[in-house]
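Here the structure is a predicted model, which means the values were calculated and not measured.
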Amino acid sequence: MRARKTLIAAATCAAVLVPASAAMAGTGPAPAPRATPKAQSTAPSAEGNPMSAKAQAAGVCSDAYQIGTTAYIDRGGQHAASVKQFYSPKCKRNYGYLWVWQSFRDKIKDYDVSVGVYSYSKDKVVGSVSWAPTNAQEFWSQPAATVSDCTAAVGSLRAPGDPQPGQATSSKRC
């Protein structure tokens, strides 16, 4: 009985170690050809797309990505705009980004907007751009040579009749 159990265990182990079939180089179906990489979208988005037409017109480098947290400009208890900071490793520049929410745009047709990068080291806003009046949705600052500084994106949005603009500052990044 003991020999029989040993024989069955040995046969089972051998069966597990022997492959059911062997593949040799050059056999089997050919691998599928690699798909051509899709072109990156140029559509503007709330997330911020450095490939959008407005980003490219502002000189945003295509490898830019968001750093820090998003800040919000509120009006009447609701988000009216988002403010973000972007960084490009290739160009070594920071950018401010402001996106006006559609719910705000549906109510207010023309408004004033500004966006830039605040340098804590220089104690000033760099690369700031302003638009007045506008009804656009996507706004990028000019490139800011502030990568060695602590920075944050700053943005403002003012509707007609508002004495002061709403403002927001993204998180400080060093």
(Q) Are F139 and W99, when compared by the centres of their aromatic rings, separated by less than 6.0 Å? (A) no
Q: Treating Ile, Leu, Val, Met, Phe, Trp and Tyr as nodes and any side-chain heavy-atom pair under 4.5 angstrom as an edge, say whether W131 and I108 lie in one connected cluster.
A: yes
Q.
Quick check: closest heavy atoms across V147 and R93, and the distance to 0.1 Å?
A. CG1-N, 3.7 Å
Q) What heavy-atom pair brings K54 and W140 nearest, and what distance separates the two atoms? A) C-CD1, 4.0 Å
Q. If you count the non-hydrogen atoms of other residues, nucleotides and ligands that lie under 6.0 Å from CD in Q164, is the total more than 12?
A. no
Q: Output the distance between atom NZ (K92) and atom OG1 (T146), rounded to the nearest 0.5 Å.
A: 13.0 Å
Q: Scan side-chain atoms only and decide if Y118 and D123 contain a donor-acceptor pair under the 3.5 Å cut-off.
A: yes
Q.
Do T151 and K172 have side chains that approach each other closer than 4.5 Å (heavy atoms only, starting at C-beta)?
A. no
Q: Specify the closest pair of heavy atoms between K122 and S119, including all atoms of both residues, with the distance to one decimal.
A: N-OG, 3.0 Å
Q.
Using the ring centroid of each side chain, check whether Y87 and Y95 are separated by less than 6.0 Å.
A. no
Q | Shortest non-hydrogen contact from P50 toward V60 | A | CB-CG1, 3.8 Å
Q: Quickly, which of S130, S141, S156 forms a side-chain hydrogen bond (donor to acceptor under 3.5 Å, both in side chains) with S114? Name it, please.
A: S156
Q. How far apart are the closest heavy atoms of N49 and E138, and which atoms are they?
A. O-OE2, 4.1 Å
